Amino acid sequence: MFKAPRGTRDFLPDEMRERRYVETCLRRVFEDYGYREIVTPTFETLELITAKSGEEIKEHLYHFKDKSGRNLALRPELTAPVMRLYVNKLQFEAKPLKLYYFGSCFRYERPQSGRYREFWQAGVELIGSPYPEAEAEVIVLAADALDRLGLKNYELAIGSIGTLRAVLEESGVKGEDQNPIMSAIDKGEGLQELLDQKNVGERGRRILMGMLELRGDKDNVISSAENLLSDSPKALKELENLKTLLAFLEEYGVSRYVLDLGIARGLDYYTGVVFEIYAPRLGAEKQICGGGAYSLAEVFGGKPVATCGFAFGFDRLVLALKKERKSIAPSASRGCLVVPMGEGMLSTAIKVSRFIRKNNLCELELGRRRLRKALGYADRRGFRYVAIVGESEVERGCVVIRDMESGEQREVEIEKLKELKL
RNA sequence: GCCGCGAUAGUUUAGUGGUUAGAAUAGGGGACUGUGGAUCCCCUGACCCGGGUUCGAUUCCCGGUCGCGGCCCCA
């Protein structure tokens, strides 16, 4: 017996129906906001991935040499490929440029529930607007998608890496030197040593540590932050930006969130607002969405451009929905099963199925079952109608159409089945 | 990569150092030759893999594989 490789899954028809339902809903919301779909390759050059995330990422990648010795990697996420595509082909499009994607990603991680080695991401990138209304729209879009899917139990946390970076900058830690500190904040360890190393003074530390504590209600967090940053003009400016963004969220009707100025996300390219969405019922792997404002185009050789976006962990989203309700996409009974009464009726039944299929989902009974068994099969498979092809009706040029829900039956002329709309 | 738990029909499970490994459910058929969801009967169908201990291992031990709960990381 062969098994699917570790961390991968087969999706059975019932599950695929649910996944497609969620996927379709996400696509619709993305498109309602004006995003257009793109598809990038399943594998990329290894250098693209490491340029974005560093050499350490190789530990978590499926990477390999192809037969010509090219270093390649299965994509671990889609932001880098999308930005590569942007730099390659779309830099000179009218801005802002709104793109969305849906695709599988691969990571070499220890699998557990909500964490797979092949998993799906659905997300958007909004390229070319540096303004808070763009960032606000992206957050709103994520929340709106969850609302439209009917997910009740989720927590939106908004932070500002821009503010943290400004604090560091005012303490003399500039540019890339900030990254290890951001990463330490995210991990929650090794921060003090790094601050020693970079000679961050008493004042800078006090402000930074204070900021990391700020989590909760918007008004409280903002006013505390303003106090803390009263002598830090650059950080205050970032905070102003955040306040504007939050005011826009209010206009959109999004007020269900916590402000958490300690979110660092540990990723070097985030520059401004960041946000995360959790489905608390999922346990350890509860983050279903992550995003924010970042700066990546220049890493891939393009002109710097303000970008924001997010990615949903599609599988986790589906899991979260499943935890909340029995059925994600209730399947209505539909279509018609054509049942020949005996082998003699088969060729007529084939014609009947061909006619009905012109306008309807239609399946021919292929098991040579008796009528009783065929009706049972139709019932279990959720057919709304059964067309019974029996000798006595066929002699009159008719078949019986049975409605499986009401039990009502009527005779329909075979020739008229071409126009039949069930 | 680390810590812990687990693995028996398609699914949910019972049980055992020597058993025809039991059930429920699903699947096929029949009772019921052209009218479903019920009932009854029959059939199909399982001890994850490899080593060790043993007269004998599905059961005990070790390793692997896969899964699960955490850590790390992330989605």
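Treat the numbers as computed from the prediction; the structure is a model and nothing was measured. The chains referred to below are lettered A, B, ... by the order of the sequence lines, with proteins before strands, and numbering in each begins at 1.
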Task: Residues from residues 22-32 of chain A lying under 4.0 Å of RNA chain B - heavy atoms - done: none
Open item on the list: What's the gap between U58(B) and U53(B) when it is taken at their P atoms, as a whole Å value?
Closed with: 15 Å
- [ ] Starting from P on U35(B), measure out to CG on Asp379(A) and report it in whole angstrom.
- [x] 16 Å
Task: side chain to side chain contact (heavy atoms under 4.5 Å, CB included) evaluation trace for Met404(A) with Leu375(A) - done: CA-CA 8 Å; Met404(A) 296 295 283; Leu375(A) 289 171; 3.9 Å; yes
- [ ] Using the C1' atom as the reference point in each nucleotide, state the distance between G6(B) and U44(B) in Å, no decimals.
- [x] 29 Å
- [ ] Just call it for Glu77(A): base, sugar-phosphate, or nothing, with non-hydrogen atoms closer than 4.0 Å on any strand.
- [x] nothing
Task: Strand partner of G17(B), provided both Watson-Crick or wobble distances fall under 3.5 Å - done: none
TODO: Can you run down the salt bridge (Lys or Arg N to Asp or Glu O under 4.0 Å) pairs that involve residues 309-319 of chain A, sequence neighbours left out, and say none if there aren't any?
DONE: Arg9(A)-Asp315(A), Arg19(A)-Asp315(A), Glu285(A)-Arg316(A)
Is there any protein nitrogen or oxygen under 3.5 Å from a nitrogen or oxygen in nucleotides 29-32 of chain B, and what are the pairs?
{"residue": "G30(B)", "atom": "OP1", "partner": "Arg370(A)", "partner atom": "NE", "Å": "3.4"}
{"residue": "G30(B)", "atom": "OP1", "partner": "Arg370(A)", "partner atom": "NH2", "Å": "3.0"}
{"residue": "A31(B)", "atom": "OP2", "partner": "Arg370(A)", "partner atom": "NH1", "Å": "3.1"}
{"residue": "C32(B)", "atom": "O2", "partner": "Arg372(A)", "partner atom": "NE", "Å": "2.6"}
{"residue": "C32(B)", "atom": "O2", "partner": "Arg372(A)", "partner atom": "NH1", "Å": "3.2"}
{"residue": "C32(B)", "atom": "O2", "partner": "Arg372(A)", "partner atom": "NH2", "Å": "2.9"}

- [ ] Using a heavy-atom cut-off of under 4.0 Å over every strand shown, decide if Gly114(A) touches base, sugar-phosphate, or nothing.
- [x] base
Open item on the list: Once you apply a heavy-atom cut-off of 4.0 Å, does Tyr377(A) come out as touching a base, just sugar-phosphate, or nothing?
Closed with: nothing
- [ ] Starting at the 5' end of nucleotides 1-7 of chain B, put B wherever the base has a protein heavy atom under 4.0 Å, S where only the sugar-phosphate does, and a dash everywhere else.
- [x] BBBB---
Task: Earlier contact from the 5' end, RNA chain B, for Arg380(A) and Glu405(A) - done: Arg380(A)
Task: 5' priority, RNA chain B, between Ser406(A) and Phe312(A) [closest heavy atom] - done: Ser406(A)
- [ ] Using the C1' atom on both, measure C55(B) against U13(B) and round to a whole Å.
- [x] 33 Å
Task: Check against salt bridge (charged side-chain N to carboxylate O under 4.0 Å, His left out), Glu137(A) and Lys98(A) - done: CA-CA 11 Å; Glu137(A) 187 191 274; Lys98(A) 296 169 155 189; 3.3 Å; yes
TODO: Can you tell me the distance, in whole Å, between the CZ atom of Arg410(A) and the C1' atom of U35(B)?
DONE: 17 Å
- [ ] Just call it for Gly382(A): base, sugar-phosphate, or nothing, with non-hydrogen atoms closer than 4.0 Å on any strand.
- [x] nothing
- [ ] Verify the neighbour count for atom CZ of Arg148(A): are there more than 12 heavy atoms of other residues, nucleotides or ligands below 6.0 Å?
- [x] yes
Open item on the list: By nearest atom, which of the nucleotides U35(B), C66(B), G34(B) is closest to the Arg402(A) side chain?
Closed with: U35(B)
- [ ] Return the set of residues passing ring pair (Phe, Tyr, Trp, His ring centres under 6.0 Å) with Phe64(A) (not counting sequence neighbours), or none when no residue passes.
- [x] none
Report all interatomic pairs (protein N or O, nucleotide N or O of nucleotides 41-44 of chain B) with separations under 3.5 Å.
none

